[in-house]
Undergrad: 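Submitted below is the structure of interest, expressed as structure tokens.
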Amino acid sequence: MLTPYSANELFNWLRQKDDFLLLDVRNEEDFGRFQVESPHKVDMLNVPYFDFMEEEETSVAKVPRNKKIKVVCAKEGSAQYVGEILESHGFEDVGYLKEGIVSWGNMLAPVRVNEEGEAFEVWQFIRPGKASLSWGVISEGELSIFDPSRNLEFYTEFAAEHGCKITQTFETHLQADYISGSRFISKAVGSKVYGHSGDFMGASFDYTAVQNGDIFKASPNGPDIEVVHSPGHTPGSTCYKIDDTFVVSGDTIFLVSLGRPDLGGKAVEWAGMLYETMTQKIKTMDPTLQILPGHYIEWAEADEDLVFMDTLQNILDSNAAIYGISTEADFVEFIKQNIRKQPDVYAEIRKVNAGWLDPEDDEQSSMDLGKNECAASAYAAQQSA
Amino acid sequence: MSEMNFDQVLDCKGMNCPLPVIKTKKAIDAMDSGQVLKMVATDPGSKNDISAWASRTGNELLNSEQTDEGYVFFIQKK
């Protein structure tokens, strides 16, 4: 029996280091552009489904017989097709990914960040298909979400499971690499949306403009959420400090880099702003603060519980090549050296996030697929790899 | 380019993969060498799939374009 599996099940198997073969049957170009990334080493093979169509025996012979086979394709039809061929050749444990690679791209995995028994709960929502992170704070039955993606169903189900309601969402900036979920969530459950006017001025939806030093509450008697305006990646980039303990840093601070300031097309000007943010805002913060970034670059940045979090001190120390630069001129030069092209779709995603474009659901899914390109460094290594 | 010459038309509109490629393969198998098949599909995935399938099988993708009726492919049997 060919068994369907969900993206969440796949993630759990990867997380538990289950032994199986991930057989991706998309064409090589699509596979090369975007594929499943696992927290641990995964056994993966790409044999396009039309290879099974053209040369069944040779293609089947490429698939190991001693393993469970999990087939992945674009939607799910081709994975079923290949799965049936494998079964007809005597493979016994074959599954196909429901709704295809897009469901992997949209999937969110929740991980509790702070200890059980604390007065409020901090949650990390990993989106492995994007290498992006959104964050949640539950306090007195109220859920605040930072940088939600457009997977509305996930967030509403998560809220229901934890007996809370989504009351507010905070945007760290106008995202260029994925479609924000704030206005969809707001429309569905009436939550408030917060963002900085440096990015959201002129947005087509209602939002509350935040300013440096503003303090909001996670719930009436809950922890403070303090606004730290941190321009550079974008003019309206903002960090949110929670309870003087955690900092949701968006695309300003990454665990192994800073957010690239060249996406807006004004690299030198925004690099100057970022330098000022780095020296005046980031380095003056309490070094024991726990940084909760908007993206990761590699799974290796996560701890054993898959939490992407580190103290500011550790980040500054282990990334001295960028955080240690001591003049603006050198900093701008560093940024220039690391500039690379951004995906064409980013311009369109910005318009969607400002509410100026409202494409069909399918179109949004396809715009939203693929890993982010937001870090200012750690790029050269990938180029030469 | 829509006025390209072709010998047969295959309508795969509304079908999801793998059907457009399966049907294209069947149609091409039944044609003579040098003949051209016009195939129309609406599944965006067929764009890269048909191109990869053609280069794999040696049939030539003479042209592909996105039109109002969908993705249109002209494939010449090798």
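Here is how names work: the chains are called A, B, and so on, in the same order as the sequence lines, proteins then strands, and each is numbered from 1. Side-chain atoms are counted along with the backbone in the values below, which use heavy atoms only and exclude waters and symmetry mates.
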Undergrad: Identify which part of B:Ile22 has an atom lying under 4.5 Å from any heavy atom of chain A, answering side chain, backbone, both or neither.
TA: both

Undergrad: Are A:Asp43 and A:Lys67 within salt-bridge range, i.e. N to O under 4.0 Å?
TA: yes

Undergrad: Can the ring centroids of A:Tyr81 and A:Tyr96 be said to lie less than 6.0 angstrom from one another?
TA: no

Undergrad: Does B:Trp53 have B:Lys25 sitting over its ring (NZ/CZ under 6.0 Å from centre, angle to axis within 45°)?
TA: no

Undergrad: Whether A:Asp30 and A:Arg33 form a salt bridge (side-chain N of Lys/Arg under 4.0 Å from carboxylate O of Asp/Glu) is what I want to check.
TA: yes

Undergrad: Only pairs of heavy atoms separated by less than 4.5 Å count here; which of B:Leu19, B:Thr57, B:Asn48, B:Asp43 has the most with chain A?
TA: B:Asn48

Undergrad: Of the backbone (N, CA, C, O) and the side chain (C-beta and beyond), which part of B:Asn16 lies under 4.5 Å from a heavy atom of chain A, both, or neither?
TA: side chain

Undergrad: Heavy-atom pairs under 4.5 Å with chain B are the metric here; pick the option from A:Glu54, A:Lys75, A:Glu29 that has the most.
TA: A:Glu54

